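The sequence lines fix the lettering, A, B, ..., with proteins before strands; numbering per chain opens at 1. What you see is a predicted model; the values in this text were computed from it and never measured. Heavy-atom basis, side chains included; hydrogens, waters and symmetry copies ignored.
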Amino acid sequence: MRYDLIIIGMGLSGLMAAKTAAGEGKKVLIVGKGMGALCLLSNTIDVLGQFPKIIRMRDNLFQWIKDHPQHPYSKVGLEKIEEALNSFLSLFPPPYSFQTVDHMNCLIPTGAGTLRPTYFIPITMVEGTSLNEGKALIVGLKGFKDFYAHYVADQLKCRGVNVSLSDLLHGEITTTYLGRLMEKNSFIKNIGREIKKQLNGENLIGFPALLGVHDPIQVKNNLEEIIGAKVFEIPTLPPSIPGMRIFNRFKEWLIQKGVTFLLGYPVSKVTLKGKKCEGIEVSHPPVTTSYSADRYILASGRFMGGGLEGTAEKIFEPIFHLPIPQPQSRGGWFEKKFFTVSPHRIHRVGILTNNAFQPIDERGGLILENVWVAGSILAHHHFIDEKSREGIEITTGYWATKKAME
Amino acid sequence: MNKKTWPKSNADACIRCTTCMAVCPVSRVTPKFPGPKQAGPAAARFRRPGEPSADDWIDLCIGCHLCDMVCSSGVNVSELNLIAKAKYLDEKGRPFRDWLLTHSYLWGQLGSFFSPLINLLFKNPVIKWMGEVILKIDRRRELPGYEFLTFRQWFNRKPTKGNPKIAYFYGCYTNTNEVDVGKATVQVLEANGFEVTLPPQRCCGIAMLGNGDFKGAKKMARYNIPSLLNTIHSGSKIVFSSTSCGHMIKHQYSHLLSIPSAEEVAQHLFDVFEFLRNLKESNSLNTHFKELSLKAAYFTPCHLRALGMGIPALEILRLIPGLQIDQIEADCCGMGGTFGFKKEKYEISEEIGKDLKEAIDRLNPEMILTDCEGCRIQIRHLTGLKVLHPIQILRDALQNDG
Amino acid sequence: MKIKAEVLIIGGGATGVGISRDLALRGIPSVLIEKGDFASGASGRNHGLFHSGGRYAVSDPEAAHECISENKILRRIAPHCIEETDGFFISLPEEGLDYRERFLRACEKVGIQTTLLSRDEALEQEPELNPNLLSAVRVPDGAIDPFALVLGNAKDAEEHGAKILLHTEIISLILNGDKVKGAKVKDLYQGEEYFVEASYIINATGAWASQTLKLAGLPIGMALSKGSMLITNRRLTHRVINRCRPPFDGDIIVPNHTVSILGTTSIRLEEVENFEVTPHEVSLLIQETSKMIPAIQGTRLIRAYAGIRPLFQSEEKGDDRAISRGFVLMDHEKRDGIKNLVTITGGKLMTYRLMAEKTSDLICKKMGTNVPCSTHSKPLPGANRPTGLTERLKQFTTDRGEVLCDCELIQKEEVKALLEKEKLKNFQDILHRTRLAKGTCQGGFCVYRLFGLLHELRKIEGDSNKILKGFLEERWKGIRPVLWGTALKEEELIESIYKGIFNL
Ligand SMILES: Cc1cc2nc3c(=O)[nH]c(=O)nc-3n(C[C@H](O)[C@H](O)[C@H](O)COP(=O)(O)OP(=O)(O)OC[C@H]3O[C@@H](n4cnc5c(N)ncnc54)[C@H](O)[C@@H]3O)c2cc1C
Ligand code: SF4
Ligand code: SF4
């Protein structure tokens, strides 16, 4: 099968790449070995949370780019970063839209009762950013083991309650089960009434982030009406329902645009001729299927996604076997302490690219002419510590594809 | 992945990330099933050969493969589940009902012959009540009706034409219950200039496999593979119209059942729309479509997704002028082959179906198209809408002058 | 504050609690002081092999004899701590069959029952074994759960009047002429220091034995040897697998609940604390054990850990392993003229009961009583509790309650009961008493849930996220040596959760 563009990887960067290309009417194939980390780790859109200083993100980024010339953000450039983020935002028209608090990082409460800086947040989390302006009640649900109201409340110095409902009689309930229940009106009524009974002057209700997958705003509004207080979501252990909302929205839009989705099978081989990729093979044992395109985007993520792999000896990129500059031996991958001042060295390794996101070697020589690289697999960032995961994925996914289509 | 040790040691690859928990349709609707991560790789560490099964909930896995598809670590959860389920059911023993449901190919022929009578009986509330009490087949289910003339009988009475040859694996359900799907497939292939042949074939065995009956499924595979191999060696490719049969033969025969030569057959076996899409790629697809003014919605069956070929039906149908076709945003229909017929599982099947129905309601289509018979049964049951195999619509679009 | 004790036992490992129980059953009251939790020394950091004695049959028949007789006794008194798996001594082509013949003869001499299995028979029972093996000898090895053993002894001791003080350290021993008057101790949580006066004192501090004696100004020549082990994610074999050759690095694989433990190494150390498993040891263990089970080359490791063995210089020979694994019971009356002090160290988990018996006998002799020992016939509490993997899965199926630890199937109610029953001071104490955090993700998910539960039950004080970070640092020590392959993916996930989602 022949396409204009083949995207390898179905994480946020791959999806963003697909959106960018499909938006221009290109014939796109997106292949993913799995679903990527979107449904696990993404709740909000981090851009650069490392310095929760009270400055506008634009200024923050401006300074960052000046200080970190090799960073993916510097390759995208300030203007295009904003363009990319806007392109992402355009997928989420109201009611379920994303917003910032005054174009600065804001602090949202987490399942461990900490506050965490982030940039774009869905409407369902907005009230959580102004905890000190009200009195909050944190609500946990009996049988749901991935969120603990008292844990959160104790840290945030407010009150926590656990509601137990007859709908929840069964021992253990999962995130998706609850997320689905939340979309049932009868359940909302029951739980709303139960919470209302527990109120003691609170005007903000913190919920684990599972107010429905399809129509969270409706769920939020219904709850608020019954309880008579504002409701907000608190991100907790994976899976992430807010992440699923993002994934579903992309998928719906992309399939509508005729993008071919191939989820579940790894790219087992690529055919190279000189500096060009001529095709890929996708393996679903015992058969393999070949696909080819004019251009390719590699957005296969880091270790979790399978974009990078590590044996006991070395780290490598398994699809194109692009070079990965790395510490001499495994001993240099991680620091002795888990919590460190500077990030573990392994998190900084990745694929080197030129400013157009094409893969290069250590001397700067172009390796492949029709392959562009996007997302967390890139070198010279450490998105966990920088708190820039989604920002890097969105902006590089967008800009690498723009460059590829030039 | 080392084929020899897989999927046995595959549970080791699980990183407990919970991606699979985000998509499992069963754990989404019932807390009785602990979800793929727990049921598959986590429980695998506790299962010991030679010791009795201790996990009756494993029987609730519907076998949709969604977990396998989303896992970035390459864990084949559904297969771990299936193996555990087989062990559980082997020990517990299978009810007669399961035998009936999984051996429909045996009584299907009979059903066709006596179809007027059977179809009447199947609608009879007393029979349905008896079915529920004695066989534990849920009485809220419509039992599929039988057609008087089987597909094979129809085919044999029909003149053959065209060149080159293409072989067709039609599957039991097409043969006895939805003959028109078979007819449409043949007609579309003929309209593209092929001569269709029907190699000797039996039930693919997927219903048995889904019920953990590896032995029964192997028996079927051992009949089908040599026959299909013969066909291939005579220079013909093979197409299937049922994605479930297709997935079974293409993947499970070699993976799970280790049938010799199954891999070779798999290389030459195609979904009918995949085959048509390949024709289109080489610009040899007959695209003399007439306009169909119709608003339809397409549903992706689980086994089609698991075949890993994208959604070829959608790509082809979008070529038909006038046909408006939306994709239904739902993951699994809840039927799970014979799963939804069983009384103890009907509720789960129904709940999963509700999500699908809601998604359909949002689109408000005139008709639903989907490639799998299980999904068609379920969607008819849920919505009362007309539900067809996409090949039937394609055939209609090709019938230019009646 | 001042405490008076008839007998003061220092050290809450298997030996210390074993003595405490032995004395209690003889009606002699004692106070046990342990600076950490139970089993925080070698008793919680060993290979968990329930020896048949086979390993020592050739090199040290006396130790082998001790093993096989204790093996028979422990099966009776502590069945819930033991998995009766049997063990294989497999002969590989590299070594040939010479050793096997010596081994079979030696086993027969000390009374260890053996069965010789052909290559095919062995492979049928353990399909993961190296297919090139020549033969296997089956012996009555097994797996032992050291935590259950130590806790069972402690419980019974306390029920019979013994007193146990955890998280309390001996900081000095006060001599008075030819006697130790008692010990100055420090409560490590409250910071309080006080005096324990005792008529008899037993030093059961294992690898710390010489440090403890130094507190009384008594020098002994003792060296330390580190042994490292690796834990696999799944249980590779049902039986214990030994290599049929003179003891060396990486020649034992012990199944343990859901996992297998590969070990061990032997490296001289100066310090009894602050040690780690080196990359060299990890490679060595994989290289050696994979000769017995080739799949180990690609298998997933979830943790590395090490324990310290005490070695006595006077007995020192070339290889540390060649030194007798038999125990040392020192009567300081004979050695140093201190009448009421006894040191018991060395030995094995396997022989803890025998060590306790001999020590208690000596104390009784000093006291002038002769109540006989009864630990060989009285079962430990909980001895009829069903255990095993299928059992756990069955429990999960029947209860279907909230599961805190997905990997080890530990239910919330189970942990809740534990928290309500016992006054646990420390987060690690909880982890010692369940298999929480011992599975695939090493606590990545369940520890968050445990903190949630602690808050829910109002059982946590102070900055809990600081404690959580402390746990993650501890966890790091265990996983860092084995971070590659699948474990690397897992690392990225867990780091993203705690540093990302939770912003710790
Ligand atoms: C690598 C390795 C593998 C082994 N494998 C096996 C095996 O497979 N099978 C087997 O049977 N045996 C095995 N052993 C041997 C076994 O683990 C030990 O012999 C046994 O655990 C010793 O128990 P113990 O109580 O004497 O010492 P420990 O368990 O070390 O107990 C000593 C205790 O004293 C405490 N302490 C120290 N100083 C003070 C102080 N000042 N105040 C208060 N408390 C103090 C410590 O905290 C510690 O808890 C192994 C040992 C090692 C090192
Ligand atoms: S099976 Fe795969 S998706 Fe599910 S938890 Fe394990 S690694 Fe994640
Ligand atoms: S196959 Fe489907 S039903 Fe079974 S565990 Fe996987 S996702 Fe759930």
*Asks:* Is the shortest heavy-atom distance from the side chain of Arg330(A) to the side chain of Val282(C) under 4.5 Å?
*Replies:*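 Yes, side chains in contact.
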
*Asks:* Are the side chain of Asn465(C) and the backbone of Ala112(A) linked by a donor-acceptor contact shorter than 3.5 Å?
*Replies:*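 Pair found, side chain donor or acceptor close to backbone of Ala112(A).
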
*Asks:* With distance as the sole test, does Thr114(A) use its side chain to make a donor-acceptor pair with the main-chain N or O of Leu504(C) at under 3.5 Å?
*Replies:*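 Not confirmed, Thr114(A) side chain does not pair with Leu504(C) backbone.
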
*Asks:* Are the side chains of Lys387(A) and Asn503(C) in contact, using a 4.5 Å heavy-atom criterion?
*Replies:*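 Yes; the side chains approach each other to less than 4.5 Å.
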
*Asks:* Is it the backbone or the side chain of Glu276(C) that comes under 4.5 Å from a heavy atom of chain A, or both, or neither?
*Replies:*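 Contact with chain A is through the side chain of Glu276(C) alone.
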
*Asks:* So, the side chain of Glu172(A) versus the backbone of Val403(C): is there a donor-acceptor pair under 3.5 Å, distance only?
*Replies:*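 At least one qualifying donor-acceptor pair exists.
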
*Asks:* Do His347(A) and Glu495(C) have side-chain N/O donor and acceptor atoms under 3.5 Å apart?
*Replies:*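 Short answer, yes.
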
*Asks:* Is Pro109(A) in contact with chain C via its backbone, its side chain, both, or neither, using a 4.5 Å heavy-atom distance?
*Replies:*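 For Pro109(A), no heavy atom lies under 4.5 Å from chain C.
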
*Asks:* Using modelled atom types only, decide if a donor and an acceptor are shared between the side chain of Glu473(C) and the backbone of Phe338(A) within a distance under 3.5 Å.
*Replies:*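 Yes, the answer is positive, given that a donor and an acceptor are paired below the 3.5 Å cut-off.
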
*Asks:* Evaluate the side-chain proximity of Leu488(C) to Ile346(A): yes if any heavy-atom separation is below 4.5 Å, no if none is.
*Replies:*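 In short, these two side chains touch, coming nearer than 4.5 Å.
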
*Asks:* Are the aromatic rings of Phe339(A) and Tyr498(C) close, with centres under 6.0 Å apart?
*Replies:*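 No, they do not, as the ring centres are separated by 6.0 Å or more.
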
*Asks:* Using a 4.5 Å cut-off on heavy atoms from C-beta on, say whether the side chain of Phe445(C) contacts that of Lys145(A).
*Replies:*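 Side chain of Lys145(A) against side chain of Phe445(C), heavy atoms only: no contact under 4.5 Å found.
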
*Asks:* Answer with side chain, backbone, both or neither: which region of Lys337(A) has an atom nearer than 4.5 Å to a non-hydrogen atom of chain C?
*Replies:*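 Contact with chain C is through both the backbone and side chain of Lys337(A).
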
*Asks:* Could you go through Trp476(C) and Phe334(A), starting from their C-alpha distance and side-chain angles, then the distance that decides it, and tell me whether this counts as ring pair (Phe, Tyr, Trp, His ring centres under 6.0 Å)?
*Replies:* CA-CA 10 Å; Trp476(C) 190 245; Phe334(A) 292 102; 5.3 Å; yes

*Asks:* Test Asp154(A) against Arg458(C) for side-chain contact (heavy atoms from CB on, under 4.5 Å), laying out the working first.
*Replies:* CA-CA 10 Å; Asp154(A) 287 353; Arg458(C) 297 272 160 254; 2.8 Å; yes

*Asks:* Check side-chain hydrogen bond (donor to acceptor under 3.5 Å, both in side chains) between Asn60(A) and all other residues, then give those that pass, not counting sequence neighbours.
*Replies:*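 Counting only residues at least two positions away or on another chain, Asn60(A) forms no side-chain hydrogen bond (donor to acceptor under 3.5 Å, both in side chains).
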
